[in-house]
Amino acid sequence: MLVVQKYGGTSVGNPERIKNVARRVARTRDEGHDVIVVVSAMSGETDKLVKLAHEISETPDEREMDTLISTGERVTIALLAMALKDMGYKAQSFTGRQMGIITDTAHTKARIEKITAERVHDALKEGKIAVVAGFQGITAGGDVTTLGRGGSDTTAVAIAAALKADVCEIYTDVDGVYTADPNVVPNARKLEKISYEEMLELASLGAKVLQTRSVEFAAKYNVPVHVRSSFNDNPGTMVTKEDREMEAVVVSGVTCNKNEAKITLVGVPDKPGVASRLFGAVANDNIVVDMIIQNVGEGGLTDLSFTVPKTDAKKALDLTQKINAADIGAKDVSLQENIAKLSVVGVGMRSHSGVAAKMFDALANEGINIMMISTSEIKISCVIDAKYSELAVRVLHDVFELGVEQVAA
Ligand code: ADP
Ligand code: ASP
Ligand code: MG
């Protein structure tokens with residue numbers, strides 16, 4: 001078998017933990033499997049590098065940012081390969097470049113275009129364990145790129161897809177995928193399995209246990225992903241194709257995302273072309289817009305709000321102000337950063353009604369105001385004040401009876 005394993009930041013957070021990972025990898029090798037291990041930077045290291053950049057520059061150059069933040073993973077591949085060699089195993093570290101992870105040029109959020117993996121095939125043939133740096137790639141022109149925060153998951157799944165691995169194991173600091181973040185909701189329940197589609201929604205709506213792109217890859221290439229703990233041997237959660245059992249569950253999970261900010265234009269002249277000019281320019285700048293709401297116009301004026309990733313908020317605000325001054329003429333443009341997007345997800349929603357009403361009702365009972373709403377076939381999201389986010393997650397988890405003891409009853 002070819003097994004791809006990925007260990008996150010906490011799992012390689014100090015020398016003792018790196019040695020623990022080495023022992024786990026060695027065990028898999030001893031079982032006779034070929035092993036490719038993908039590692040993240042030690043926990044906190046990427047944050048430290050990002051902070052350092054912001055101490056130098058308010059808006060750090062993105063190419064140089066990638067050169068900087070890709071270094072954390074170079075440290076861990078070297079240390080893990082050393083640990084394995086000390087234990088008597090053949091091992092070799094690979095940077096993104098050495099692994100042939102070719103991406104587009106969208107620095108700090110690059111997409112993997114292909115994986116050439118030439119040298120890794122040779123290494124595996126020689127019986128070596130390949131230790132690959134997560135999160136990083138290289139453009140066709142030779143510049144270092146990174147895949148967005150949490151991107152090591154995507155490195156692992158993409159390698160598993162490209163090399164047709166039998167399984168991709170994501171080792172992290174929790175036992176699997178839960179009905180809500182177990183660090184926020186103490187009675188959250190571990191899911192035995194979850195469909196790609198639900199996982200994709202949960203991930204993109206804030207459950208950082210898997211990076212969204214990694215789930216896209218897994219779904220597209222049908223890679224079975226096993227999310228589990230690096231600190232015990234408990235079975236984790238299988239992320240796989242949807243089956244009948246899954247449909248019976250109306251809500252599988254509750255999640256919350258505090259990584260978005262809201263930009264509001266007040267007093268926008270209500271005439272054709274405004275949205276097209278604004279969002280055209282925003283897209284041109286590679287800023288991904290998530291939710292948009294526009295009010296019914298009154299007296300020829302309307303209000304328009306949209307959300308963008310917090311990391312792009314300054315850039316989006318500057319751009320909106322510029323376009324507004326030149327072209328739109330709204331009375332005011334403002335930025336609100338203390339918002340949270342709260343979501344419930346489940347494939348069972350396709351065949352059950354009343355989920356939205358139940359969600360709005362629960363929030364109203366707590367006096368939590370809803371600023372924006374969006375829905376799809378299998379999810380409902382509300383933007384609320386960030387200060388209520390933890391409370392709101394717990395309330396919804398309870399209302400939809402997702403807790404360990406609630407299911408048991
Ligand atoms: P790693 O460093 O291993 O990549 P992350 O911190 O990126 O780990 O992801 C694991 C974390 O995801 C957990 O510690 C947990 O707090 C958080 N999380 C959020 N939502 C969920 C969920 N539904 N199930 C499991 N973990 C979740
Ligand atoms: N080290 C990177 C980050 O902190 C990538 C990862 O951990 O997946 O975002
Ligand atoms: Mg992660």
Side-chain angles (χ1 to χ4, degrees), residues 5-13 17 21 37-51 65-66 68-77 96 101 108-110 132-137 145-158 169-194 198-215 225 227-231 234 236-237 239 251-259 311 340 342-346 389-390 393-394 396-397 402:
Q5 300 187 332
K6 176 258 172 177
Y7 293 88
T10 315
S11 307
V12 294
R17 287 186 177 173
V21 167
V37 197
V38 175
V39 283
S40 292
M42 294 165 84
S43 55
E45 285 305 312
T46 312
D47 287 339
K48 245 187 244 169
L49 295 168
V50 170
K51 189 161 164 274
M65 191 68 168
D66 277 349
L68 177 70
I69 61 179
S70 62
T71 58
E73 274 74 11
R74 274 187 98 108
V75 173
T76 44
I77 53 170
I101 299 183
T108 75
K109 47 189 165 199
V132 181
F135 183 48
Q136 56 180 262
T145 50
T146 62
L147 310 178
R149 298 306 304 270
S152 300
D153 298 329
T154 301
T155 307
V157 178
E169 299 174 331
I170 304 286
Y171 288 91
T172 183
D173 55 6
V174 287
D175 280 7
V177 179
Y178 283 71
T179 48
D181 185 341
N183 290 314
V184 173
V185 181
N187 68 340
R189 189 167 40 86
K190 183 172 73 188
L191 301 164
E192 212 177 292
K193 57 185 178 181
I194 185 168
E198 284 170 311
M199 192 63 235
L200 196 59
E201 291 283 10
L202 282 180
S204 67
L205 296 170
K208 69 168 182 163
V209 61
L210 285 178
Q211 198 200 29
T212 308
R213 273 250 184 104
S214 73
V215 189
V225 174
V227 181
R228 53 192 308 195
S229 169
S230 66
F231 300 111
N234 298 343
T237 302
V239 187
V251 171
S252 318
V254 182
T255 186
C256 184
N257 181 358
K258 286 190 253 182
N259 298 326
T311 45
L342 177 73
S343 311
V344 297
V345 173
S389 54
E390 273 85 19
V393 168
R394 281 193 284 265
L396 295 182
H397 195 265
L402 299 175

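As the structure is a computational prediction, the values presented were derived from the model and not from experiment. What you see below is based on every heavy atom in this structure, not just the backbone, and it leaves out hydrogens, waters and symmetry mates. Residue numbers start at 1 and run along the sequence shown. All ligand and atom numbering here is 1-based and tracks the order in the structure.
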Pick, from [options], the option with the minimum heavy-atom distance to [atom].
atom                    : options          : answer
atom 8 (O) of ligand 2  : G44, S152, G134  : S152
atom 3 (C) of ligand 2  : R149, Q136, K208 : R149
atom 20 (N) of ligand 1 : L202, D181, V184 : D181

Using a strict cut-off of 4.0 Å, indicate which atoms of ligand 1 neighbour a heavy atom of [X].
X    : value
A207 : 19 (C), 20 (N)
P182 : 24 (N), 25 (C), 26 (N), 27 (C)
V177 : 24 (N)

**Request:** Check A180 against ligand 1 and report side chain, backbone, both or neither, counting heavy atoms closer than 4.0 Å.
**Result:** backbone

**Prompt:** Does M42 approach ligand 1 within less than 4.0 angstrom via side chain, backbone, both or neither, non-hydrogen atoms only?
**Reply:** neither

Side chain [X], main chain [Y], donor-acceptor under 3.5 Å:
X    : Y    : value
T179 : R189 : yes
S214 : T154 : no
S230 : Y171 : no
T255 : A207 : yes
Q136 : S70  : yes
Q211 : D153 : no

**Prompt:** Are T146 and D66 linked by a side-chain donor-acceptor pair shorter than 3.5 Å?
**Reply:**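 There is such a pair (donor and acceptor under 3.5 Å, judged by atom type) between the side chains of T146 and D66.
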
**Prompt:** Taking atom types as modelled and ignoring hydrogens, do the side chains of S152 and S40 form a donor-acceptor contact shorter than 3.5 angstrom?
**Reply:** yes

**Request:** Indicate the atoms forming the closest heavy-atom contact of E73 with F135, along with that distance.
**Result:**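 Heavy-atom minimum between the residues: OE1-CD2, 3.5 Å.
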
**Request:** Could you pull out the closest heavy-atom pair between A156 and I170, with the gap in Å?
**Result:** CB-CD1, 4.3 Å

**Asked** If you measure from NZ on K48 to CD1 on I69, what distance do you get to the nearest 0.5 Å?
**Response** 15.0 Å

What is the nearest protein non-hydrogen atom to [atom], stated with its residue, atom name and distance?
atom                    : answer
atom 7 (O) of ligand 1  : K208 O, 3.5 Å
atom 4 (O) of ligand 1  : K6 NZ, 3.0 Å
atom 24 (N) of ligand 1 : Y178 N, 2.9 Å
atom 8 (O) of ligand 1  : T172 OG1, 3.1 Å
atom 14 (O) of ligand 1 : D173 OD1, 2.8 Å
atom 7 (O) of ligand 2  : S40 OG, 3.1 Å

Are any of the heavy atoms in [X] under 4.0 Å away from ligand 1?
X    : answer
G176 : yes
G150 : no
S11  : no

**Message:** If you count every heavy atom of other residues, nucleotides or ligands that lies below 6.0 Å from R74 atom CZ, does the total exceed 12?
**Reply:**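 Incorrect, the count does not exceed 12.
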
Looking at ligand 2, is there an atom of it that comes within less than 4.0 Å of some heavy atom belonging to [X]?
X    : result
E73  : yes
G150 : yes
G151 : yes

**Message:** With respect to N183, determine whether any N or O atom, backbone or side chain, lies less than 3.5 Å from an N or O atom of ligand 1.
**Reply:** yes

**Message:** Below the 3.5 angstrom mark, is there an N/O of G9, backbone or side chain, next to an N/O of ligand 1?
**Reply:**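 Yes.
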
**E390 with K258: basic N within carboxylate O range, under 4.0 Å** =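 Salt bridge flag = yes for K258 with E390.
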
